[in-house]
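Reviewing the structure listed below.
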2 protein chains.
Amino acid sequence: MKLALDSSQNSGSIALWDSGRVVYSAYFSISVTHSETLMPQVDAAMRVCGRSPSDLKAVLLTIGPGSFTGLRIGLATAKGIAFGLQIPLQTFSTLQLAALERYHCGRNILVVMDARMKEVYAALYDEQLRELRPPQVCVPEDVCGWGLEDCYLTGSCASLVRPLLEQRNISVIPVPETPLQAAGLFTLAEMFPQPEIYDFQSLAELEPEYLRESTAQVRKRQT
Amino acid sequence: MKLALDSSQNSGSIALWDSGRVVYSAYFSISVTHSETLMPQVDAAMRVCGRSPSDLKAVLLTIGPGSFTGLRIGLATAKGIAFGLQIPLQTFSTLQLAALERYHCGRNILVVMDARMKEVYAALYDEQLRELRPPQVCVPEDVCGWGLEDCYLTGSCASLVRPLLEQRNISVIPVPETPLQAAGLFTLAEMFPQPEIYDFQSLAELEPEYLRESTAQVRKRQT
């Protein structure tokens, strides 16, 4: 049995995988912090499935970009479980998980998510979800030069970016907004296999992919 | 706030919608009956969201085809909630919900689900999810004459039907298997609006779309 976690956005999601399929998945977008909901949801999932944490063989996590606090809570939780059970932790880009929605649909996929401060987290994938433009933080106008004609457009900032593209006569195909589901990480793990071993050193050194400094860090550096 | 339910398969799923977005979604594929899990899951969802049943303004449900027992439990539950709160019940085809996975992807979508007894539930949709072939029960070979070249293929019987198509040199694009999520019903409800009124008569008369008689019904008729 494997556990997948996503707390990279305001929403959160967990999922369990057993014998080659998703057996449980939960998504919640509610105004309480991940630190209050994530572990109780994992606990509830285990109880619904009649299983215990010792059944877990791996943890999968969205490593970023996304909410700084959300990413820290997710990584701390995942590290704790992986360390406690001595099982591997496998991480995936939040943007690649969002792109999975249009996997194998014959076109490139642009993902744009809110990075606040008038910027977006953006990445471009081909239909096999291979990176054409790796995840980066930029102003929305910057993505317009990426050669996006006829690509799919998804992510929380899709409705912000689409008019900018249309002003430049770049036509894209919007994807209906769907919740970001941790269950998709199991599919990504099959498409892009990662080591199945527990490695304390790499676990300890793993950090969220913030893509930029937090406002707090910038302030601290400037003082 | 709206509630969506799916218990048409061995798996089950519920979701809550509030202020224009999915706020909670849960999927469970576990070896206990829907009659034990469906209402506790609805109750858990309400508690996680800090809401009560009286906040519900509509119930959305997959009406079939699917597991006969599952459909009955789903419809009984949904009718009970709709009747108790005097709110509308809106129903959608299980096959159309599965097709939603490839909405607006430029090709037709064939959905094939297990109907047991060596048959499948099958339907063909265009990229706007309009019915080209309405849901029906048939042997897998029957769908091969539907003009499927280059369409997407999804559903629990996709791996059974694909070789049959390939034997006839019909190439299709398989869709990665993903859990059937009730949350998609909110998207279908926006695409295909239904009356937002409570109507006791039509609620009382609503039946599952079994598409065929159950073995028990056939035996009874034959005796």
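Every chain is numbered from 1 and lettered A, B, ... according to where its sequence line falls, protein lines coming before strand lines. Remember, it's a predicted structure, so these values are computed and weren't measured experimentally.
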Where on A:Gln41 is there a heavy atom nearer than 4.5 Å to chain B: the side chain, the backbone, both, or neither? side chain
With a 4.5 angstrom heavy-atom cut-off, is it the side chain or the backbone of A:Tyr152 that approaches chain B, or both, or neither? side chain
More than 12 heavy atoms of other groups within 6.0 Å of B:Glu177 CD: no
With a sphere of 6.0 Å drawn around CG of A:Asn10, does it hold more than 12 non-hydrogen atoms of other residues, nucleotides or ligands? no
Does a side-chain heavy-atom distance below 4.5 Å link [X] with [Y]?
| X | Y | result |
| --- | --- | --- |
| B:Leu188 | B:Leu129 | yes |
| B:Leu56 | B:Met46 | yes |
| B:Gln90 | B:Leu185 | no |

For chain B, find which of A:Ala26, A:Ser11, A:Ser25, A:Ala15 contributes the most heavy-atom pairs closer than 4.5 angstrom. A:Ser25
Under the rule for side chain to side chain donor-acceptor pair (under 3.5 Å), what residues qualify as partners of A:Ser52, not counting sequence neighbours? A:Ser54
Is a donor from one side chain sitting under 3.5 angstrom from an acceptor on the other, for A:Glu101 and A:Thr178? yes
Sort by residue number and list every residue of residues 102-121 of chain A having at least one heavy atom under 4.5 Å from chain B. A:Arg102, A:Tyr103, A:His104, A:Cys105
